[in-house]
Amino acid sequence: MSVKHLNQRQLADRWDLSEATLERWRSEGIGPVFLKLQGQVRYRIEDIEAFEVDSLRKSTSEREVSGGAA
């Protein structure tokens, strides 16, 4: 089983966010879990996809669940 990882820039591009937003999210405990190996931040695709699923909403009135990106 091959695990694919994205770096911060790649995830920022995927979600059309700034890298600074991802940095802030990490410091605040928001967003997908991440790896930090030898000073480099990496996100596993499976964790990104799980975070995306957890962030799905049917309406703007739905209550945000813990860790959601809304």
Side-chain angles (χ1 to χ4, degrees):
M1 178 172 111
S2 175
V3 177
K4 173 76 174 144
H5 297 83
L6 298 184
N7 63 31
Q8 176 176 284
R9 184 188 79 258
Q10 292 167 323
L11 182 56
D13 289 345
R14 177 182 176 120
W15 286 347
D16 194 26
L17 298 172
S18 70
E19 291 186 52
T21 296
L22 291 175
E23 292 168 5
R24 180 175 52 82
W25 284 7
R26 283 196 307 274
S27 71
E28 295 177 5
I30 300 170
V33 296
F34 62 94
L35 301 166
K36 191 159 190 181
L37 304 169
Q38 297 181 355
Q40 301 293 314
V41 173
R42 297 290 183 263
Y43 296 91
R44 297 185 310 178
I45 288 290
E46 64 191 63
D47 296 323
I48 293 167
E49 291 173 346
F51 182 78
E52 290 170 345
V53 167
D54 288 344
S55 298
L56 291 173
R57 303 288 183 268
K58 290 184 179 181
S59 75
T60 57
S61 62
E62 278 189 67
R63 185 175 169 173
E64 181 178 334
V65 294
S66 177

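All values below were derived from every heavy atom in this structure, side-chain atoms included, with hydrogens, water molecules and symmetry-related copies excluded. Since we're looking at a predicted model, the values are computed, not measured.
- Other members of a hydrophobic cluster containing Val33 are absent, since no ILVMFWY side chain comes under 4.5 Å of it, directly or through relayed contacts.
- His5 pairs with exactly one of Ile45, Leu37, Leu35, Ile48 by the side-chain contact (heavy atoms from CB on, under 4.5 Å) rule, that one being Leu35.
- Phe34 places none of its side-chain heavy atoms less than 4.5 Å from the side chain of Asp47.
- Partners of Glu23 by side-chain hydrogen bond (donor to acceptor under 3.5 Å, both in side chains), not counting sequence neighbours, listed by chain and number: Gln8.
- Counting only heavy atoms from C-beta outward, the side chains of Thr21 and Trp15 never approach each other to under 4.5 Å.
- Using a 4.5 Å cut-off on side-chain heavy atoms (C-beta onward), Lys4 and Arg44 make no contact.
- Taking the side-chain hydrogen bond (donor to acceptor under 3.5 Å, both in side chains) definition, one finds that Arg14 meets it with Glu52, sequence neighbours left out.
- Partners of Ser27 according to the side-chain hydrogen bond (donor to acceptor under 3.5 Å, both in side chains) rule, which considers only residues two or more places apart in sequence or in another chain, do not exist here.
- A heavy-atom distance below 4.5 Å is found between the side chains of Val41 and Tyr43.
- Scanning for side chain to side chain contact (heavy atoms under 4.5 Å, CB included) contacts around Gln40 gives Arg42, with sequence neighbours left out.
- Between the side chain of Gln10 and the backbone N or O of Asn7 there is at least one donor-acceptor pair closer than 3.5 Å.
- In this structure, the separation between CG on Leu22 and CG on Leu17 is 5.5 Å, given to the nearest 0.5 Å.
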